[in-house]
Amino acid sequence: IKGQYGKYFAPYDDTLRNRLLKEQAITDIMESALAKEQFQIYLQPKYRIEDEKLVGAEALVRWIHPEWGFQSPAEFIPLFEKNGFITKLDQYVWDKTCAAIREWEDEGLAPISVSVNVSRADIYNADLADILIRIVQKHNLSPTHLHLEITESAYTENPTQIIDTVRKLRDLGFIIEMDDFGSGYSSLNMLNEMPIDILKLDMKFIQSETAKQNSRGILQFIIALARWLHLSVVAEGVETQEQFDRLKEIGCDYVQGYYFAKPMPCHEFKKLLAKEGDA
Ligand code: C2E
Ligand code: CA
Ligand code: CA
Ligand code: CA
């Protein structure tokens, strides 16, 4: 059966006109897709390098459209950042994430925190802190259950406003992670003033790392810098044993990547968590 929008745009045609048609089609249905629970939370496990213990997860949104199938976040997130819908979708993700943590705690599974993505658009929402606090309280959790991932490039757009907002969130007890660190332009000088707890290395570092001797030196330098600033370091996009060994050798703290596990539905993550508790 052809979908309602099938007659307007061709799924595999990447011309500008077709892309604009698809963006319009997505914009038309995003609200109802949310109401119909087509957006789902996937969790990607995060491990401590030292003992390879499961210590957390990152919540990543998935959109499974009944006719178009799986839609990549790389496609719809930038659109939702443009049209403002990301604010609503992110709140949905935070709420579902907290509901999952509540469920695990109620069932006596190991207490764990989960990282959620906070879009740059959310940061400019004056009610952000109130919204986040309301969500954690609704599920009877504390802010420390949530790590807030904010991409490096958001910090550089409007440093003073971002720093104020992020400091407020951190003072409330949320753990702050700088996502995609090294992809953008944050100067080392600024890093010292950032109210953050964790650096999350951009995955391009890890993935070019085995190829280029150069980036190995850079990674070592970043980890030394993080130590000096009392930040922990998460590496994501870890796909091979070789990459893992290298990260362990240079003293990185946590890893996330296909080498350990892909993002998975909440019920699968829960099984993993239960198994971890037995170990
Ligand atoms: P990100 O926050 O940097 O997330 C990491 C991306 O890397 C995820 O892609 C994840 O599935 C993928 N990944 C994990 N391990 C590996 C690996 O070993 N190798 C490779 N090649 N990739 C790996 P995903 O889920 O497609 O998300 C893409 C981006 O979309 C995210 O990048 C994030 O910026 C955004 N995003 C996803 N979910 C949300 C959300 O709920 N809210 C907001 N605001 N943004 C989101
Ligand atoms: Ca992230
Ligand atoms: Ca990232
Ligand atoms: Ca184990």
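Indexing begins at 1, ligand by ligand and atom by atom, following the structure's order. In this chain, residues are counted from 1 in sequence order. Remember, predicted model here, so these are calculated numbers, not experimental data.
- Contact annotation: Ser115 places no N, O or S atom under 3.0 Å from the Ca ion (ligand 2).
- Nearest to atom 23 (C) of ligand 1 by heavy atom, out of Trp94, Tyr258, Tyr92, is Tyr258.
- By the 3.5 Å distance cut-off applied to N or O atoms, Gln44 is counted among the residues near ligand 1.
- Of the possible polar contacts, one joining the Gln207 side chain to the Gly237 backbone as a donor-acceptor pair under 3.5 Å is found.
- The pair Lys262-Glu268 does not count as a salt bridge, with every side-chain nitrogen at least 4.0 angstrom from each carboxylate oxygen.
- Coordination check, Glu149 versus the Ca ion (ligand 3): failed, since every N/O/S atom of the residue sits at 3.0 Å or beyond.
- Near Gly257, the atoms of ligand 1 lying under 4.0 angstrom from a non-hydrogen atom of the residue are 15 (N), 18 (O).
- Of the options Ile206, Thr97, Asp90, the smallest heavy-atom separation from atom 40 (C) of ligand 1 is shown by Asp90.
- Using a non-hydrogen distance threshold of 4.0 Å, Ser72 does not register as a contact of ligand 1.
- Taking a 4.0 Å cut-off on heavy atoms, Glu81 fails to register as neighbouring ligand 1.
- Heavy-atom separations between Glu58 and ligand 1 include at least one value shorter than 4.0 Å.
- Distance alone, capped at 3.5 Å, places no donor-acceptor pair between the Asp245 side chain and the Glu242 backbone.
- For a threshold of 3.5 Å applied to N or O pairs, the pair formed by Val61 and ligand 1 contains at least one separation below that value.
- Residue Ala74 places every heavy atom at 4.0 Å or more from ligand 1.
- Where the criterion is an N or O separation shorter than 3.5 Å, residue side chain and backbone included, Glu239 meets it with respect to ligand 1.
- No heavy atom of Lys200 sits closer than 4.0 Å to any atom of ligand 1.
- At the Ca ion (ligand 2), the vertex angle linking OE2 of Glu58 with OD2 of Asp179 is 170° (nearest 10 degrees).
- Checking Glu177, Glu152, Glu58 one by one against Lys200, the side chain to side chain donor-acceptor pair (under 3.5 Å) holds for a single residue, Glu58.
- The shortest N or O to N or O distance between Asp179 and ligand 1 is below 3.5 Å.
- You'll find the ring centres of Phe85 and Phe76 outside the 6.0 Å limit.
- A salt bridge is defined here as a Lys NZ or Arg NE, NH1 or NH2 lying under 4.0 Å from an Asp or Glu carboxylate O, and Asp202 with Lys204 meets this definition.
- Electrostatic pairing of Arg102 and Asp106 counts as a salt bridge here, judged by a charged N lying under 4.0 Å from a carboxylate O.
- Between Asp253 and Arg227 a salt bridge is recorded (basic side-chain N to carboxylate O distance below 4.0 Å).
- Contacts between Lys262 and ligand 1, counted as non-hydrogen atom pairs separated by less than 4.0 Å, are absent for every part of the residue.
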